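Can you keep this structure in mind? I'll have questions shortly.
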Amino acid sequence: MKFLTTTVAALLTSASIAGACEITLRSSDTHPDGYPTVEGVKAMAEEVREKTDGRICIEVFASSQLGEEKDTIEQTQFGVIDMVRASFGSFNDIVPVTQLMSLPYLFRSVDHQHAVMDGPIGEEIGAAFEERDLVALAYYDGGSRSFYNSQKPVQSIEDLEGMKFRVMQNDVFVDMMDALGANATPMPYGEVYSSIQTGVIDGAENNFPSYDSSGHAEVARYFTLDEHLMVPELVAMSKVTWDKLSPEDQQIIREAARNSATVQRELWAEQERASEEKVIAAGAEVIRDIDKTAFIEAMAPVYEKYVTTPEAQDLVKRIQETE
Ligand code: GTR
C-alpha cells in the first residue's frame, strides 16, 4: 500500500512538472549522455525553454533509447519522434543529395566543411530534407572517420585486402570498401561491438569520440588514421511536428538550433582530443604513417559511380572550390 501511495505521489509530481511544458518534443540520438551531439541538443533545449518561458520542452533520448539511427530517422519523417540527430550517412536512402555529401575525401578539413555547410550549399542541402518531411535545423561536427580493426596494424590499402569492415547502411560506403579491396558489412551501430568481439567482422570505421564511447577501442585496438570520411551530422525536426508550431516558435527553435551548433563544435574539438588520448592510454595503437594519397586515388571509382549528372558534378565542383 505504501508502495502504491509513493507511486501515485511520484506520478502526480511528474505530471505537474510535465504540465509546465505545453509542448514536449522527443529528440533521438545514438550516442550516450555527455557526448557532444547529445549535449548540443541539450543546449538547444535549454535555450528553447528559456525563450518560451518553459512552454516548449525538448527531451533528449540518448544511447539509442528510441531505436537505431535509420529507424529513428523514419520515425521522425512520420512524426512519431519529433527530432533526430544523425549522421548524413544514415540519410542516404532518403535524401539522395546526402550521398554526394558522404563521398570519401570530399572535405579537406574541418574549416572547409564549415565553410560549405554554413554557406549557400548548406542552405540548398537543407531544402532537400524538407522534400522528405524533415526540417534541417543545424549541422554538427562529426570529425573524420578512419578504419580500426582487431587483427593487425593496417598501414596501406594492400593491408585492407580481404578484411571485413562494418560500414553504415548505405551504398556509398559499401562501394568505398569495394574500391579499397575490402569487404563491407553494413549493420546498425549498436551491433558493431559484439560483431567485432565474436569475429563476425574484423573492424569498423569511425571518429575518435565514437571509437571511444562505443567501447570499440576495447575490441579493435589497431586504429589507422587514414581519415577517409568527413560526414556532416544533422539535427532535424519532423515536418509533421514543425507544421504544428507557430511561426514565432519555429523562429525560436531555428535560432536555438543554430546556436547549439557552436556549442557542439566546441565540445567536439575537445572530445576528439580527449578520446584520442584516452584510447591510446587504454592500449590502442594509432597508425599515422600512411600514404593518404593512395587512399584518395583509390576512391576514383566511387566518384565515377555517384557523380554522374550535371547537377551532381556541379555540386561536387562547388564544394571542392569552396575556400
Ligand atoms: C557516429 C555518428 C552517428 C552514427 C555512427 C555510426 O560517428 O555520430 O550518428 O552514424 O557514427 O557509425 O553508425
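Both ligands and their constituent atoms are indexed starting at 1 by order of listing. Remember, it's a predicted structure, so these values are computed and weren't measured experimentally.
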Less than 3.5 Å between some nitrogen or oxygen of E69 and one of ligand 1, yes or no?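 Indeed, backbone or side chain, E69 has an N or O that close.
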Hey, is K42 close enough to D29 for a salt bridge, meaning N to O under 4.0 Å?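 Salt bridge flag = no for D29 with K42.
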Can you tell whether the side chains of D202 and K164 come within less than 4.0 Å, N to carboxylate O?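 So D202 does not pair with K164 through a salt bridge.
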List every atom of ligand 1 that sits less than 4.0 Å from any heavy atom of R85, numbering the atoms from 1 in the order shown and giving each element.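 Atoms satisfying the 4.0 Å criterion: 3 (C), 8 (O), 9 (O).
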Min N/O separation N207 to ligand 1 under 3.5 Å: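 Indeed, backbone or side chain, N207 has an N or O that close.
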Proximity to ligand 1 by part of N206, non-hydrogen separation under 4.0 Å: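 The part of N206 near ligand 1 is the side chain, not the backbone.
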Is it the case that ligand 1 has an N or O less than 3.5 angstrom from some N or O of H31? yes
Identify, for atom 13 (O) of ligand 1, the protein heavy atom at the shortest distance, and state residue, atom and that distance. R166 NH2, 3.0 Å
Heavy-atom distances under 4.0 Å decide this one: backbone, side chain, both or neither, for E205 against ligand 1?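 No part of E205 comes within reach of ligand 1.
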Which one holds for S87 and ligand 1: side chain close, backbone close, both close, or neither close, with close meaning a heavy atom under 4.0 Å?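 Answer for S87: both.
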Report yes or no: does a heavy atom of K70 sit under 4.0 Å from some atom of ligand 1? no
Under 4.0 Å between a Lys/Arg side-chain N and an Asp/Glu carboxylate O for K70 and E74? no
Between D175 and K305 (salt bridge meaning N to carboxylate O under 4.0 Å), is one present in this structure? yes
Kindly confirm or rule out an N or O of Y35 lying under 3.5 angstrom from an N or O of ligand 1.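 N/O-N/O distance below 3.5 Å does not exist for this pair.
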Taking NZ, NE, NH1 and NH2 as the nitrogens, is one of them in E124 or R318 under 4.0 Å from a carboxylate oxygen of the other? yes
Donor-acceptor under 3.5 Å (S210 side chain, N207 main chain): no
Near E233, which atoms of ligand 1 are under 4.0 Å from a heavy atom of that residue?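 Here the atoms of ligand 1 in question are 2 (C), 7 (O), 8 (O).
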With a cut-off of 4.0 Å, which atoms of ligand 1 are near a heavy atom of R145? 1 (C), 6 (C), 7 (O), 11 (O), 12 (O)
Has ligand 1 got any nitrogen or oxygen that is less than 3.5 angstrom from a nitrogen or oxygen of S210? yes
side-chain contact (heavy atoms from CB on, under 4.5 Å) between V231 and R145: does it pass, once the steps are laid out? CA-CA 8 Å; V231 192; R145 299 171 72 105; 4.2 Å; yes
Hey, is E276 close enough to R288 for a salt bridge, meaning N to O under 4.0 Å?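 Yes.
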Side-chain ion pair, E255 and K51, N-O less than 4.0 Å: yes
